[in-house]
Each structure stands twice: as structure tokens, then as C-alpha cells.
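Please read the structure below before turning to the comments.
Counting convention: from 1, in listed order, for ligands and their atoms alike. As the structure is a computational prediction, the values presented were derived from the model and not from experiment.
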Amino acid sequence: MTVKIFDRPDTQAFLKELSGLNSDSGSPRVKALIHRIVSDLFRTIDEMNVTPDEYWTAVAWLNDIGAAGQAGLISPGLGFDHFIDERLDAIDDALGIDNPTPRTIEGPLYVAGAPESVSFARLDDGTDADGHTLIMHGTVHGSDGKPLPGAKVEVWHCDTRGFYSHFDPTGKQAPFNMRRSIIADENGRYKFQSILPSGYGVPPGSPTEALLSALGRHGQRPAHIHFFVSADDHRKLTTQINIEGDPLINDDFAYATREGLVPSVIECTDEASIHGNNLNGPFAEIAFDIHLTPLVDGIDNQVNEQRRRAVA
Ligand code: DHB
Ligand code: FE
């Protein structure tokens, strides 16, 4: 039996009532958003004949996602984070702002308060025995194209098991392992030593994985390194690089891969480079320059502090 009640006047009146549109108090913006979202969901239930069983399965899943602290994990999986980036790009296009270093999603696993050092940092504590040494470096440029001494490069990535410190289910990693803030030197240069991260996968058996499986999708990301880059008089850049050669670069469940964010990885085996970096053996090297963009009317029109609150 198919019925359609969405367009009935009493249904439309009910939507206005439940969204608070008949009341003078509350937030007009929240009312407008809830009216639109609940209307869209009512219409979905009506048009797709959603059964009570299906509806309550969805409610139980929302409870599971919340209890697991994984709303921020499924968000990129459903493309919201990338869609918001595409909107920021479109806004920049309309303003005539070019982003020589593309933005891409933050992901849910940043932690504030990492140790800070000038010009160089070692990110890993040496305990990940499977790690292949990585040396990454580059120059941070300002909107005038000149190097930006004092720019702050915040960097974080996972270990060879795909686990981030502070979110490691084995509890093995020390706080802030593979997380640092590096202040660019007088030539705008940053450099760090770490290990090449592995790809990441959403927690097995999680409600995030359950929904992706129902969509016939996986929850894997290619190996990647996250960055926040900030400096006076510039907008904060949120981005990531992928590790070249990872088979999932064009099959990222979080849709973060972008052209311009897959720098070459050079395997260095010569003694001069090894000794020049105070290492004992071959290492991977990535050179990656970063370009920041100007403030808009004196402010950063993109900075988003609320993101912090969505972390599990
Ligand atoms: C997720 C994890 C990440 O490390 C990342 O960079 C993006 C998304 C996630 O679990 O959703
Ligand atoms: Fe990540």
C-alpha cells in the first residue's frame, strides 16, 4: 500500500509547528535549517515508503554512531567534508582567490597542543620498528610569493599500523607521537624527520564501517600526512599530502585526494644524503612547498573552531 501525505496542508502545518516557526523565541537560523532538513526527511519517508522498521534501524544507528563518538568519522565517508571544501573553493573562485596549495579535509583526528620547535622536528619516537624513515621539507610562501619566516606548520599522521596517537586502540603510542608544530626558519623553511605512515581504515566492527558496508564501500584511506599551516596576515590552510604510489590514492573513502597534493617520494640511498640528515641508512624524501593565501577584508573567512568539538 502506497500513500502520500507530505503535501497535505496538515503535514505542512505540522512541519512549521515542530520547527518552532509558530514561536517568537529561539534561533531563526536553527528554525529555518530544521524546517528544511526535517521536511526533506519527511518527503524521503513518504516518497520511498520508509517502513517503521527502517526508520528505527536508522535511529538506532545514530545512537551507535554517537555512543562510539564517530559522527566525525562518517562525515568524510559520506562526502560532507569534501563537499564543504568544494564550496570553499567556489567561494574563493568567486572572490578571485587562487589557492596554489589546494585545501583538503581536516579529518577527525587532529589534537591541539603538540610540541613546538623551530625549523626542524622529529615526529616519531623511534618505537615503530616497521617504519621507513621519512625526511620532508619545504618552504612556506606568503600571498606575495615570498618565503614566510615564522609560519607555523602543524603536522600529524598515523603509524605503520594506521593508528593515530590519542586514538590508538592498542594504547601503545605516547601522547603526541607523530604530531608536531614546526615554526618556519628565517627563510620560511620547515623540515621534519618521521616515518612513512601506512594507510588508515575506519575501526573494524564500528557503526561507521557498518554503513559503508551497506553502501558496498570500504572505509580505507591511502597513506597521508595532515597539515595546518598558518602565519600572520594569512588564512590558515588545512591540507594533506598523499604518499605517492599508494594504491588507494584514487579510491579514498574520505575523498581527500586532490591534484597538487601527491608530491614525489624520492628514495635516497647515497651516503652524502644519509649523513647530511644524520641518519644511518636509506630514507624517503619528500619536498613540498606550501603557499598561503591573503586574508579577506582583514579576516580569515574560513577558520572553523567548531570542528574541534566534533572530535571523538
Ligand atoms: C578519517 C580518518 C582520517 O585519518 C582522515 O584523515 C580522514 C577521515 C575517518 O575516520 O573518517
Ligand atoms: Fe588522517
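- For an aromatic pair to be called close, the ring centres must be under 6.0 Å apart, and Y110 with F228 satisfies this.
- At the shortest separation from atom 4 (O) of ligand 1 among protein heavy atoms lies Y164 OH, 3.0 Å.
- In summary, no N, O or S atom of Y200 is located under 2.8 Å from the Fe ion (ligand 2).
- For the pair Q70 and ligand 1, no heavy-atom separation below 4.0 Å is found.
- Contacts between P108 and ligand 1 below 4.0 angstrom, taking non-hydrogen atoms only, involve the side chain exclusively.
- Between Y200 and ligand 1, a contact under 3.5 Å exists for at least one N or O pair.
- The existence of a salt bridge linking D124 and R122 is confirmed by a sub-4.0 Å separation between a basic side-chain nitrogen and an acidic carboxylate oxygen.
- Side chain of D246 to backbone of A223: a donor-acceptor contact under 3.5 angstrom is found.
- Residue C158 does not count as close to the Fe ion (ligand 2), with no N, O or S atom under 2.8 Å.
- Salt bridge annotation for R258-D89: present, with a cationic side-chain nitrogen under 4.0 angstrom from a carboxylate oxygen.
- Listed by number with element, the atoms of ligand 1 under 4.0 Å from a non-hydrogen atom of L109 are 2 (C), 4 (O).
- With respect to the salt-bridge test (charged N to carboxylate O, under 4.0 angstrom), the residues K4 and D46 do not qualify.
- I225 and L292 fall within a single hydrophobic cluster, where Ile, Leu, Val, Met, Phe, Trp and Tyr are joined by side-chain heavy atoms under 4.5 Å apart, directly or via other members.
- Residue R221 holds the heavy atom nearest to atom 7 (C) of ligand 1 of all those in R221, H226, Q240.
- With 2.8 Å as the limit, H157 does not count as an N, O or S neighbour of the Fe ion (ligand 2).
- Look at P76 and you'll find a heavy atom under 4.0 Å from some atom of ligand 1.
- Salt bridge annotation for K236-D300: absent, with no cationic side-chain nitrogen under 4.0 angstrom from a carboxylate oxygen.
- No more than 12 heavy atoms of other residues, nucleotides or ligands sit less than 6.0 Å from atom NZ of K16.
- Ranking protein heavy atoms by distance to atom 11 (O) of ligand 1, first place goes to L73 O, 2.7 Å.
- The distance criterion of under 3.5 Å between nitrogen or oxygen atoms is not met by I105 with respect to ligand 1.
- A distance below 6.0 Å separates the ring centres of F176 and H166.
- Using a 4.0 Å cut-off between heavy atoms, F253 contacts ligand 1 through its side chain alone, with no backbone atom that close.
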